[in-house]
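Heads up, the thing below is written out as structure tokens.
What you see is a predicted model; the values in this text were computed from it and never measured. Lettering follows sequence order; numbering is per chain, from 1. Just so it is clear, the values below take in all heavy atoms, side chains as well, and ignore hydrogens, waters and symmetry mates.
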Number of protein chains: 2
Amino acid sequence: MTLDEAKQHLIQAWGTLGSSWGVSRTMAQVHALLLVSPVAMTTEDIMEALQISRGNVNMNVRDLMDWGIVRKVLKPGERKEFFEAEKDVWKIGMQVAKERKKRELEPILRALEQVSTIEADITDPDVKQFAETVENLKKFASNTDKSLESIIKAEENWFWGSFFKLFR
Amino acid sequence: MTLDEAKQHLIQAWGTLGSSWGVSRTMAQVHALLLVSPVAMTTEDIMEALQISRGNVNMNVRDLMDWGIVRKVLKPGERKEFFEAEKDVWKIGMQVAKERKKRELEPILRALEQVSTIEADITDPDVKQFAETVENLKKFASNTDKSLESIIKAEENWFWGSFFKLFR
DNA sequence: CTGAACTTTCAAAATTATCTGAAATTATTT
DNA sequence: AAATAATTTCAGATAATTTTGAAAGTTCAG
């Protein structure tokens with residue numbers, strides 16, 4: 001397997017994984033492409049490598065920047081914008097965890113909070129069972145939330161951050 | 001908010017969450033419906049509650065059973081099949097973790113293994129960088145895999161399993 | 001200020017995922 | 001074994017998402 005074949009392979013696999021993670025195939029592919037590229041790439045480079053349109057590249061690169069895992073790089077003397085991916089896999093994982101927590105866990109916690117304001121006859125067994133299920137979901141979600149929070153915080157902390165680095 | 005309004009609300013929110021997790025909106029809604037239902041439901045019950053077709057209910061219920069979070073229940077003297085959701089939120093979480101590990105983590109590990117068989121000039125700095133990135137991805141993925149594995153195994157172990165129960 | 005180089009936007013088109021419903025199949029009862 | 005009831009399948013319809021590409025917008029050197 002040559003370098004290019006291997007890259008192609010990985011980009012493909014990453015794209016497939018993306019879809020089962022609620023990320024569009026193309027966005028995942030752009031990410032993989034930048035991840036395995038030794039140098040920052042321009043919009044045109046990406047268009048050519050993945051055979052997709054300019055608008056498509058622009059949208060997906062912007063989304064990846066919103067996720068905090070791709071950066072814009074300006075080269076002195078160059079008019080064009082270059083893009084590069086965060087290469088530290090651990091940082092990518094943290095960043096994704098952080099964003100998903102914000103975008104998914106927090107909304108569901110809010111929704112659970114809202115439905116638990118149900119004001120109904122607590123002696124009704126159905127109401128009681130519903131309240132219990134919601135309570136359990138809330139506990140689970142907030143446990144998950146807190147665990148993620150700790151990991152992220154620890155990572156960002158100067159001491160635990162460098163401590164963790166020893167193991168990766 | 002009445003009980004029915006609250007249920008409706010939760011089903012809706014669960015459906016939205018589903019889509020950002022690579023699960024179809026309807027599948028997540030069927031799951032939520034069964035989760036908050038105090039009794040097992042028939043295909044027709046689900047069709048009516050969510051206003052979806054028979055075929056759609058059948059497919060989604062089957063998928064949920066594949067995920068191991070919904071069970072078929074046969075009532076004596078009844079011709080129809082009934083369905084009920086696993087109510088233990090922790091078990092649901094474990095089951096989902098287990099399945100996602102199998103369906104997503106393992107394939108990506110295999111793909112990474114494959115691309116690391118690249119046979120090329122290791123002195124080429126591009127090849128070296130690629131090999132390094134893949135190596136890091138592999139480490140990250142297998143760490144995640146092992147961590148999940150431990151949690152799942154611990155949960156299934158008679159001792160740690162009951163130990164964990166104390167905290168939830 | 002002008003115009004070339006580059007980026008962004010967005011309506012329409014293409015693609016992909018999901019759903020329907022009726023026919024085929026399977027299971028149960030009489 | 002035939003009738004009845006329930007479940008499953010899947011081709012076509014529908015809906016949702018993604019992509020394109022050209023126009024509008026922006027930036028900047030001269």
Rounded interatomic separation in angstrom, taking [atom1] from [X] and [atom2] from [N]:
X	N	atom1	atom2	answer
B:I46	D:dA6	CD1	P	15 Å
A:R62	C:dC6	CZ	C1'	15 Å
A:D45	C:dT7	CG	P	11 Å
B:N60	D:dT7	CG	P	16 Å
A:D63	D:dT18	CG	P	10 Å
A:E78	D:dA29	CD	C1'	15 Å
A:N56	C:dA13	CG	C1'	14 Å
A:L74	C:dC6	CG	C1'	12 Å

Heavy atoms of other groups near B:K138 NZ, more than 12 under 6.0 Å: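 Atom NZ in B:K138 is packed in, count exceeds 12.
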Whichever of A:I52 and B:E81 has its nearest DNA chain D nucleotide further upstream toward 5':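 Looking at DNA chain D, the more 5' nearest nucleotide goes with B:E81.
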B:R25 side-chain N/O to C:dC19 phosphate OP1/OP2 under 4.0 Å: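 So the side chain of B:R25 is outside the cut-off, no N or O lying under 4.0 Å from OP1 or OP2 of C:dC19.
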C:dT8 phosphate, OP1 or OP2, under 4.0 Å from A:N58 side-chain N/O: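 True: A:N58 side-chain N/O within range (under 4.0 Å) of C:dT8 OP1/OP2.
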Hydrophobic cluster identity match, B:V57 and B:M59, side-chain contacts under 4.5 Å: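 Unlinked, B:V57 and B:M59 end up in two clusters.
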Donor-acceptor pair under 3.5 Å, A:R54 side chain vs C:dT7 base: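 Under the 3.5 Å cut-off, the side chain and the base do not form any donor-acceptor pair.
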Nearest-neighbour nucleotide for the [X] side chain, [options] considered:
X	options	answer
B:K72	D:dT19, D:dT8, C:dC19	D:dT8
A:T26	C:dT18, C:dT20, D:dT19	D:dT19
A:R79	D:dT19, C:dC19, D:dT27	D:dT27

Aromatic A:W21 / basic B:R100 pairing, under 6.0 angstrom, 45° off normal: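 Judged by the rule (NZ or CZ under 6.0 Å from the ring centre, within 45° of its axis), B:R100 counts as positioned above A:W21.
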A:W67 six-ring centre to A:R62 NZ/CZ under 6.0 Å and within 45° of normal: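 No.
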Value rounded to 0.5 Å, distance of CZ in A:F82 from OG in A:S37: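 Those atoms lie 11.0 Å apart.
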